[in-house]
Amino acid sequence: MSLQSSPETKASPQWTRKHLLGLQELSAEEITLILDKAAEFKRLAASGETKLKALSGTVVANLFFEPSTRTRTSFSLAAKRLSADTVDFSSSGSSVSKGETFIDTARNIEAMGVDQVVVRHSSSGAPHLLAKYLKASVVNAGDGKHEHPTQGLLDIFTIREHRGSLAGQTVTLVGDILHSRVARSNIWGLKKLGARVIVCGPSTLIPPHIEELGVEVSNSLDEVLSETDCINLLRIQFERQRSAYFPSIREYAHFFGMNGDRIRKAKKDVLILAPGPINRGVELTPEVADGKHSVILDQVTNGLLIRMAVLFLIQQRRQQLGTD
Ligand code: CP
């Protein structure tokens, strides 16, 4: 199978990585390469070319050890749009319940002839571990509190699509920064592309020393509203919290929830993003989630294109290295 000979896409010789583990290690040029490839796929889809042959003859396995709706579905659809065969594995209902280890599970699925493994796991570093044990390429679909690189990329793609560039944009990440892998991937990617980043939330949900990543910190959403171009409302991750970080959900929503009053005080063209799933009435009200500033469903649409771009670039690199 030759990706170079695929009639639908141009070669991108700059991509040199076997895996996508995080945005921390990517350069601005590598991030832009993924965004540009996703934009190319979007143009092709708009012209009616939704099914491409680029990954024909390859296999993509989705290994999800944590729940997912958007990420798992869109990686699976992205692989199918590129004509790969797909394997969708969820730890629930699998032999993990009989004691099979994470590595053994991945190696057994790889033995079926898998080229790329997309993995989500509750432990930070799980994809990096797999990258050491597998011959297949590994794509991080969210590891613990560490990174969710394709979510960061689709958030950045969505902002770039609306604004043309990240440079000069002020992006405020609101909420549970402490437990959020989405926050970390956003910070790495946004800073590399020249955005100003503010993290905003109760002091208990802001990690110590986060300023060292080049972000500003605020404990008042009302204070930063007027200077913010894009607000990314992060979910309160109740499943990762081991103690009470704020007095009540009602109080959190009062101080940090995006609602109609705050939208009216924000910039006229403010963009509202949320990685999903959203807790309606907590991080944002239905009026905001479904209102004219919301690009939440654009993010989901763009997630498919970003995941197509990542799978495509990695498979192209595998072919260059002679590993398929
Ligand atoms: N944003 C995100 O990762 O959603 P899922 O958990 O549904 O994949």
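Counting convention: from 1, in listed order, for ligands and their atoms alike.
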For ligand 1, which part of Gln299 has a heavy atom less than 4.0 Å away: the side chain, the backbone, both, or neither?
-> neither

Of the options Glu147, Gln24, Gln151, which is the one that meets Ser185 in a side-chain contact (heavy atoms from CB on, under 4.5 Å)?
-> Glu147

Go through ligand 1 atom by atom and flag the ones less than 4.0 Å from a non-hydrogen atom of Gly276.
-> 1 (N), 2 (C), 4 (O)

Aromatic ring pairing Phe102/Phe65, orientation class (parallel under 30°, perpendicular over 60°, tilted between) | perpendicular

Atoms of ligand 1 less than 4.0 Å from Thr69 heavy atoms?
-> 5 (P), 7 (O), 8 (O)

Do the side chains of Val199 and Glu216 get nearer than 4.5 Å, heavy atoms only?
-> no

Can you list the atoms of ligand 1 that are under 4.0 Å from a heavy atom of Thr71?
-> 2 (C), 3 (O), 4 (O), 5 (P), 8 (O)

Identity and distance of the protein heavy atom lying nearest atom 4 (O) of ligand 1 | Arg70 NE, 3.0 Å

Is the side chain of Lys265 donor-acceptor paired with the backbone N or O of Asp222 at a distance under 3.5 Å, no angle test?
-> no

Is Gly142 in contact with ligand 1, taking contact as a heavy-atom separation below 4.0 Å?
-> no

Is Lys51 reaching over with its side chain to a backbone N or O of Lys80, donor-acceptor style, under 3.5 angstrom?
-> yes

Residue, atom name and distance, where the atom is the protein heavy atom closest to atom 6 (O) of ligand 1 | Arg120 NH1, 2.9 Å

Path from Leu153 to Leu21 over hydrophobic side-chain contacts below 4.5 Å | no

